[in-house]
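Notes for the one structure printed next.
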Amino acid sequence: MTEGQQDAAAEFAAEVAFWRKKRRVSQKKLAADMGFDPSYISKVEGGHSRPTADFAQRADSRLQAGGAIIAKWQVYDAMREEPGPLRASAPLAPSSSALVVERDEAQLDYDGNRYTLTMRRRLRNCGEQPVTRYLIRISVDRYPEDPARSNAHYRERPLTWESLALTAHCAGEPMAQAVKLDRDATKEVWLLFEHAEGEGRFPLYPGESVWIEYKYVVPDTHWGRWFQRAVRLPTEHLTVELRFPTVLDPVVWGTETSMTAEAAPLRTAPARREEGGVRIFRWETAAPDLHARYRLEWRLRARPESPDPTRELT
């Protein structure tokens with residue numbers, strides 16, 4: 001199973017666990033309601049069994065997920081190859097993955113009309129073969145509590161490559177890109193370790209580390225007032241920084257979710273400072289759990305949300 005397939009399977013498992021806990025349903029109760037063995041729910045959520053279309057449909061219906069679980073399964077199904085058991089999540093160790101993220105630094109800037117995302121990662125190749133590409137995902141959800149409304153929103157206002165204006169660099173060199181998935185609210189792109197203008201290649205060799213940086217823009221008609229980081233590779237240090245105009249009087253809070261625990265407040269509060277009319281919130285953690293999700297949300301107290309907003313991305 002490829003890294004992308006493992007990511008999609010983990011995303012599906014996390015989605016099922018999220019909605020089950022949101023509806024306050026135990027694994028045993030959900031299994032009984034769906035007609036499955038109780039151990040199967042545990043295996044799916046733990047990433048040890050491949051989910052089926054029937055399972056996704058029943059889970060979505062029973063948990064009233066509005067199509068969110070089915071959507072995650074469709075992404076997974078589009079990527080999968082041959083049937084078989086999933087690999088269990090491995091601990092952070094050089095032998096556990098070809099890539100380890102030494103540092104993951106995410107910065108979101110809001111100027112009052114659009115969000116600019118700058119993602120910097122220092123990658124280390126712990127495998128035995130050169131790494132020639134790196135998969136990134138851009139996913140937005142304007143109304144996370146109402147999947148049907150979000151789906152309709154993006155059908156009418158799809159996320160486009162032109163509006164994203166995605167750029168990527170490796171140690172200062174522009175990286176070539178190859179589209180993997182193109183949907184209304186989700187994009188997946190391979191960043192290739194080769195020059196965007198065809199002026200050579202720069203694979204990441206075993207034992208080497210390198211900084212990559214990619215940036216994209218999302219109008220606030222597509223972006224919800226939240227930003228989530230999902231840990232898909234062994235990661236040693238994660239930092240998230242949110243920057244807003246001070247005049248909007250922003251406030252920020254956050255939650256963390258793992259595959260074995262429901263959403264809980266971040267263990268530490270985001271640090272806050274102000275610089276030149278910008279209010280900055282910074283949060284960081286060392287050695288985050290694999291497949292954990294860290295979600296920061298905000299409210300702009302000087303700009304109340306309208307009854308029918310048409311703004312926002314992820």
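Computed over heavy atoms, backbone and side chain alike; hydrogens, waters and symmetry mates excluded. The structure displayed is predicted, hence computed values, not measured ones.
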Crowding at CZ, Arg267 (>12 non-hydrogen neighbours, <6.0 Å): no
His153/Arg157 under side-chain hydrogen bond (donor to acceptor under 3.5 Å, both in side chains): CA gap, chis, key distance, verdict: CA-CA 6 Å; His153 181 80; Arg157 307 171 185 84; 3.0 Å; yes
Rounded to the nearest 0.5 Å, what's the gap from CD on Glu173 to CD on Glu194? Could you check? 12.0 Å
What's the spacing between Lys28 NZ and Ile41 CD1 if we round to 0.5 Å? 13.5 Å
Honestly curious: do Ile280 and Leu248 fall in one hydrophobic cluster under the side-chain, below-4.5 Å linking rule? no
Checking Ser163 side chain against Thr160 main chain: does a donor-acceptor pair fall under 3.5 Å? yes
In Å and rounded to the nearest 0.5 Å, what is the OH to CZ distance from Tyr76 to Arg50? 4.0 Å
Which atom names give the shortest non-hydrogen contact between Cys170 and Val210, and what distance separates them? SG-CG2, 3.6 Å
Given side chains that start at C-beta, do those of His195 and Pro174 come closer than 4.5 Å, heavy atoms only? yes
So does Met34 get a backbone contact from the side chain of Arg62, meaning a donor-acceptor N/O pair under 3.5 Å? no
Do Tyr154 and Tyr216 belong together in a cluster built from hydrophobic side chains that touch within less than 4.5 Å? yes
Ignoring hydrogens and geometry, is there a side-chain-to-backbone donor-acceptor pair from Ser150 to Tyr143 under 3.5 Å? yes
Taking Arg23 for its side chain and Gln64 for its backbone only, find out whether a donor-acceptor pair lies under 3.5 Å. yes
Ignoring hydrogens, what is the shortest heavy-atom contact between Pro144 and Trp226? Give both atom names and the distance. CG-NE1, 3.7 Å
So for atom CD, which belongs to Glu274, do other residues, nucleotides or ligands contribute more than 12 heavy atoms lying within a distance under 6.0 Å? yes
If hydrophobic clusters are built by linking Ile, Leu, Val, Met, Phe, Trp and Tyr wherever their side-chain heavy atoms come under 4.5 Å apart, do Val231 and Met119 end up in the same one? yes
Quick check: closest heavy atoms across Val44 and Ala13, and the distance to 0.1 Å? O-CB, 3.2 Å
So which heavy atom on Thr186 is nearest to which on Arg137, and how close? CG2-CG, 4.4 Å
With a 3.5 Å distance limit and no angle check, can you tell me whether Lys187 reaches the backbone of Leu164 through a side-chain donor-acceptor pair? no
Hey, are Trp161 and Asp182 close enough side-chain-wise for a donor-acceptor pair under 3.5 Å? yes
Are there more than 12 heavy atoms of other residues, nucleotides or ligands under 6.0 Å from atom CZ of Arg122? yes
From Glu105, Lys215, Arg103, residue fulfilling side chain to side chain contact (heavy atoms under 4.5 Å, CB included) relative to Arg120: Glu105
Test log, rule side chain to side chain contact (heavy atoms under 4.5 Å, CB included), inputs Phe55 and Val16: CA-CA 10 Å; Phe55 175 87; Val16 172; 4.2 Å; yes
Any donor-acceptor N or O pair under 3.5 Å, side chains Ser39, Asp37: yes
Gln74 vs Arg183 side-chain heavy atoms within contact, under 4.5 Å: yes
Using 0.5 Å steps for rounding, measure from the OG1 atom of Thr118 to the CG atom of Asp109. 6.0 Å
Aromatic ring centroids of Tyr115 and Phe227 under 6.0 Å? no
Check whether any side-chain heavy atom of Pro219 lies under 4.5 Å from a side-chain heavy atom of Asn113, and answer yes or no. no
Walk me through whether Leu123 and Val101 qualify under side chain to side chain contact (heavy atoms under 4.5 Å, CB included). CA-CA 5 Å; Leu123 306 176; Val101 181; 3.9 Å; yes
Indicate, with yes or no, if Trp211 and Leu238 share a hydrophobic cluster defined by side-chain heavy-atom contacts under 4.5 Å among Ile, Leu, Val, Met, Phe, Trp and Tyr. no
Nearest 0.5 Å please: distance from the CD1 atom of Ile138 over to the CG atom of Leu181. 11.0 Å
Met175 side chain near Leu192 side chain, heavy-atom distance below 4.5 Å: no
Stepwise side chain to side chain contact (heavy atoms under 4.5 Å, CB included) check, Arg58 with Phe36: CA-CA 10 Å; Arg58 294 192 193 189; Phe36 285 94; 3.9 Å; yes
Say whether, by atom type as modelled, one donor and one acceptor occur between the side chain of Arg293 and the main chain of Ala230 under 3.5 angstrom. no
Within this structure, what is the NZ-OG1 distance for the pair Lys21 and Thr257, rounded to the nearest 0.5 Å? 7.5 Å
Counting only N and O atoms by type, is there a donor-acceptor contact under 3.5 Å from the side chain of Arg303 to the main-chain atoms of Gly112? yes
Tell me, do Ile136 and Leu166 make a side-chain contact under 4.5 Å, heavy atoms counted? yes
Carboxylate-amine/guanidinium proximity below 4.0 Å for Arg155 and Asp184: no
Would you call Asp249 and Arg279 a salt bridge, using N to O less than 4.0 angstrom? yes
Arg299 atom CZ, over 12 foreign heavy atoms within 6.0 Å: no
Check whether any side-chain heavy atom of Tyr134 sits under 4.5 Å from a side-chain heavy atom of Arg121, and report yes or no. yes
Any side-chain heavy atom of Phe244 within less than 4.5 Å of one from Val252? yes
Flag yes if more than 12 heavy atoms outside Arg201 fall under 6.0 Å of its CZ atom; otherwise flag no. no
Any sub-3.5 Å donor-acceptor pair from Asn125's side-chain atoms to Gln129's backbone N or O? yes
Got a donor-acceptor contact below 3.5 angstrom from the Asp60 side chain to the Ala68 backbone? yes
Thr285 vs Thr268, test: side chain to side chain contact (heavy atoms under 4.5 Å, CB included). Steps then yes/no. CA-CA 9 Å; Thr285 187; Thr268 58; over 6 Å; no
Connected via hydrophobic side-chain network under 4.5 Å: Val278 and Phe281: no
Minimum heavy-atom separation for Phe12 to Pro51, with atom names? CE2-CB, 3.2 Å
Between Tyr110 and Trp298 (judged by ring centroids, cut-off 6.0 Å), do the two rings come close enough to count as a pair? no
Give the minimum heavy-atom separation between Arg124 and Glu102, together with the two atoms involved. NH1-OE2, 2.8 Å
